[in-house]
Structure formats: structure tokens, C-alpha cells
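Presented below is the structure to which this report refers.
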Number of protein chains: 2
Amino acid sequence: MAKAKKAELDLSTEEKIKEAASIVFTKKGYGNARTRDIAEEAGINLALLNYYFRSKEKLFQIVMAERIDKLFGVLGPVLNDESTTLEQKLERITESYINMLLEHPDLPIFVLSEIRNNPEQLSNRFQARKNLTESVFIKQLMARRSDVNPFHFLMNLLGMNLFPFVAKPVLQPILGNEEMYRQLMEQRKKLVPAWMKLILDKG
Amino acid sequence: MAKAKKAELDLSTEEKIKEAASIVFTKKGYGNARTRDIAEEAGINLALLNYYFRSKEKLFQIVMAERIDKLFGVLGPVLNDESTTLEQKLERITESYINMLLEHPDLPIFVLSEIRNNPEQLSNRFQARKNLTESVFIKQLMARRSDVNPFHFLMNLLGMNLFPFVAKPVLQPILGNEEMYRQLMEQRKKLVPAWMKLILDKG
DNA sequence: AAAATATTTAATCAAACGATTAAATATTTT
DNA sequence: AAAATATTTAATCGTTTGATTAAATATTTT
């Protein structure tokens with residue numbers, strides 16, 4: 001058999017296609033992305049794409065699962081870390097998100113708009129709710145401020161961190177050049193946790 | 001001529017198509033929306049759509065302009081009202097946005113993702129920057145807190161108000177039923193201005 | 001009412017696109 | 001090296017979809 005070589009090339013080519021699909025899907029969305037675009041981006045022929053993945057839809061499912069994980073996977077480990085304070089969690093989540101999103105600015109808008117198009121894909125909703133409500137983070141928060149609804153608090157944290165990237169296509173031209181935008185996001189690494197602490201202490 | 005009757009029907013049918021287009025485009029996005037969907041939603045034949053509007057693209061441009069105005073048109077009048085304080089502006093913007101978005105929850109994700117797909121459409125970018133930086137709101141803000149970057153402040157305000165709707169497809173299943181979601185948004189009408197005042201006074 | 005004009009439709013076209021096929025090329029095993 | 005297997009491609013198929021056309025129906029003007 002051609003195992004060794006096959007596996008090697010498989011991984012390489014398959015990965016190349018997935019990477020290309022990720023780029024094209026993220027930039028254009030499912031409906032506007034053409035399989036020919038993806039093939040070209042990957043530097044391979046169109047038929048090869050269907051050889052590795054059965055269809056556009058299948059390829060999309062795989063890419064989408066990865067992207068969802070990339071967008072929300074940050075949260076789990078930090079929220080459930082027993083060794084950090086609430087304040088430290090705010091700092092780490094903010095730092096992680098801003099760093100990650102500076103490299104993948106259109107990840108949130110892609111994931112959120114595709115989930116809107118196909119809400120069923122978010123089938124782990126019960127799991128998500130349970131994971132969240134039973135997290136160390138929520139416990140710490142409720143111990144500190146039993147009067148603050150944790151969901152409000154989380155929406156604020158995520159809103160402050162994700163929204164500037166969701167709205168980047170609008171904000172960036174208003175702010176001026178890319179560098180100015182980047183500077184502001186860098187500043188927010190310290191500012192967002194400070195604002196959230198304000199809500200935590202004086203809200 | 002058939003002026004009177006024509007104009008009447010024109011308006012009615014044209015408006016019916018635009019309304020249908022708005023619904024279908026907003027729900028599915030440009031790429032996933034089919035002109036046949038729009039025609040069916042409007043209760044008319046496909047050809048009629050191209051009779052009134054030259055093409056899908058043209059129809060989309062018109063709908064898009066209206067949607068952008070709906071999403072950001074709220075801001076202008078409030079931000080430039082000389083007769084209200086900074087605090088009142090925070091309250092009014094929040095109240096306006098949450099009320100409007102409770103009726104049109106998928107407006108932000110639609111507008112923002114379509115602008116990402118076609119950034120040129122945001123050609124009024126210089127105008128937007130000037131309008132913003134010269135607004136009464138920014139003047140009031142800088143007079144009060146010269147140390148706070150107004151853009152950060154605005155991102156926070158918009159983030160707290162818009163993000164829960166941008167992320168609704170994710171949040172809603174986690175929160176439980178639609179009613180719970182609605183309740184939280186109603187609460188935020190008072191909470192968001194309070195949090196923003198915190199940043200204003202103690203940030 | 002007749003003519004002119006506007007509105008609406010069914011049928012069809014042409015291009016775009018996802019997918020398949022069969023053949024060619026490359027790689028691995030024997 | 002020959003055979004077997006895996007990888008890659010060019011060409012093509014069938015559907016979907018945006019758009020057009022020509023004819024029918026409705027409305028307005030004369």
C-alpha cells in the first residue's frame with residue numbers, strides 16, 4: 001500500500017483545501033463562496049475538492065465546526081480555571097480574544113451570520129448552558145455580586161471584546177487607517193478589564 | 001395617461017416587493033436569497049421583480065441603503081441634540097436601539113456581514129467620521145472626560161446595545177426561551193446607561 | 001367604446017455552479 | 001520493472017437561478 005506517502009500527502013492536500021475553504025468561506029460566507037474559488041485558493045482542481053470532501057456542504061460543516069471552536073473555545077478553559085480570580089479571568093479572556101481577533105478579524109461576523117442562517121447547527125445548546133451556569137466563573141461572580149445577572153455581565157464582556165471586530169468594516173474607515181484601528185484594540189486589552197471591574201465593584 | 005392609478009399601484013406593488021426583499025435578504029443574506037423567494041414572499045411573479053427593479057443587485061442596493069439607514073440613522077439626531085445632557089443621550093440611544101432591535105433582531109448581523117462582503121458600499125466614510133467627530137455628543141464627552149477616547153466610549157455603548165442582538169442566535173438557546181431573552185433586553189434599557197455612566201464618572 | 005398605455009404572467013434562455021466521470025499521471029508495493 | 005493503488009486533471013452533466021421575451025390582462029385616456 002501507499003500508506004506513508006498517501007497519509008502525508010493526504011494531510012497536506014486535505015489540510016490545504018480546508019485552509020483554503022476556511023479563508024474563502026470566512027471572507028464571503030457560504031452562499032457567496034464558490035467551490036471553484038476554494039479550489040483555486042488551494043491551488044488544486046475543482047474535482048479534487050469533491051474527491052476529498054463529498055460536497056461543498058460537507059466541507060463547510062467541517063470548516064464551520066473548527067471556526068466555532070476557534071471563536072468560543074477560548075472561553076472554556078479560562079472560565080473554569082479554579083486558580084484564578086474573577087479579575088484575572090476578565091484580563092485573560094480579553095487578552096486572548098483581542099490577540100486572536102487581531103489575527104482573525106472577520107471570524108465573529110462569519111460564525112454569527114452563518115449560525116443565523118442555520119441555527120440547528122448549534123445543537124450543543126443544552127451543553128453550552130450547563131457548562132456556563134456551572135462554571136467557576138459564574139460561581140465566583142455570584143459569590144461576589146449576587147445581584148448582578150451573570151448573563152448581563154457576560155454579554156457586556158463579550159460585547160466590548162467582540163463587537164469592535166464585528167463592526168470593523170464600519171469602524172475602520174471611520175477611524176482612518178488600519179494602524180489606528182490596531183492601536184485602539186491594543187489599548188482595549190487593558191481598558192476592557194478595567195471597565196468590567198468597575199461594573200463588578202461599583203455597578 | 002394612467003397616472004393616478006398607476007402611481008397608486010406602483011407604490012403598492014413596488015413597496016410590496018421591497019418589503020419582501022427586505023425580509024428575505026435580511027433573513028438569508030444576499031448570496032443565499034433567491035429572487036424567486038422574494039417574488040413568492042411578495043406574492044407576485046418573478047418577472048415582475050425584474051420589471052420594477054432591473055436586477056437582484058439593484059433591488060439589493062435599495063434595500064441595503066434602507067437597512068443601513070435604519071441601523072445607524074438612530075444615532076444622528078440624538079448625538080447632535082443640543083438640548084440633552086450626555087447622560088440623557090446614553091439613555092435615549094439605548095432605549096431607541098433596544099426597542100428597534102427587539103422588532104428587527106437580525107438587522108445588525110445582516111448589515112454588518114453584507115458590508116463585510118462589499119466594503120465599498122460604505123462610501124460615506126469621510127462624511128461619517130466628520131459627522132461623528134463634530135457631533136454635540138463628542139464635544140460633551142470631551143468636555144467631561146478629555147482623557148477618555150470617544151471612540152472607545154462609543155464602541156462600548158454600541159457593543160453593549162448591539163452585540164446581544166448580533167449574538168442572538170447563540171445566546172437565545174443558552175438563555176432558554178424567547179421570553180427570557182426579551183426580558184433581559186428590557187432590563188438592559190436601564191442597565192446599559194447605568195454602566196456607561198459608571199465609565200463616564202469613575203473610569 | 002376604442003385606442004393607448006401600463007401591468008402581470010407563463011414560458012424560456014443563458015450563465016453559473018455543484019458534482020461526476022473517465023482517463024492520465026504519480027506513487028507504492030511486489 | 002511490472003502491477004497495483006492512489007492522486008490529479010480535463011471535460012462534461014444536470015440543476016439552479018437571474019434575467020428576458022412575447023403574449024395576455026387590466027387600466028387610463030381619448
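Letters A, B, ... are given to chains in the order of the sequence lines, protein chains preceding strands, and every chain is numbered from 1. Any value given below was found using the heavy atoms of this structure, including those in side chains, with hydrogens, waters and symmetry copies removed.
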Under 4.0 Å from OP1 or OP2 of [N]: is there any side-chain N or O of [X] that close?
X	N	value
A:Tyr51	D:dT7	yes
B:Asn50	D:dA19	yes
A:Thr35	C:dG18	yes
A:Tyr52	D:dT8	yes

Taking atom [atom2] of [N] as reference, at what distance in whole Å does atom [atom1] of [X] sit?
X	N	atom1	atom2	result
B:Phe60	D:dA19	CZ	P	13 Å
B:Lys56	C:dA15	NZ	C1'	14 Å
B:Ile38	D:dT17	CD1	P	12 Å
B:Ile44	C:dT9	CD1	P	7 Å
A:Glu40	C:dG18	CD	C1'	17 Å
B:Arg36	D:dT20	CZ	C1'	12 Å
A:Leu48	C:dA24	CG	P	19 Å
B:Glu14	C:dT7	CD	P	10 Å

For DNA chain C, the expected dot-bracket line (Watson-Crick or G-U under 3.5 Å, [ ] crossing, | inter-strand) is ||||||||||||||||||||||||||||||
Within the structure shown, what part of the strands sits under 4.0 Å from A:Leu46 by heavy-atom distance: base, sugar-phosphate, or nothing? base
For a quick check of understanding: with a heavy-atom distance under 4.0 Å over all strands, which category does A:Ala39 fall into, base, sugar-phosphate or nothing? nothing
When rounded to the nearest 0.5 angstrom, what is the spacing between CG in A:Asp106 and CZ in A:Arg67? 9.0 Å
We want to know whether [X] and [Y] form a side-chain donor-acceptor pair, criterion being a heavy-atom distance below 3.5 angstrom.
X	Y	result
A:Arg188	B:Asn156	yes
B:Asn80	B:Ser135	no
B:Thr84	B:Lys89	yes
A:Glu57	A:Gln61	yes

Can you confirm whether or not the ring centre of A:Tyr30 sits under 6.0 Å from the ring centre of A:Phe60? yes
Smallest separation among heavy atoms of B:Thr133 and B:Phe151, with atom names: CG2-CZ, 4.2 Å
Test for a donor-acceptor pair under 3.5 Å between the base of C:dG18 and the side chain of A:Arg34, counting only N and O atoms. no
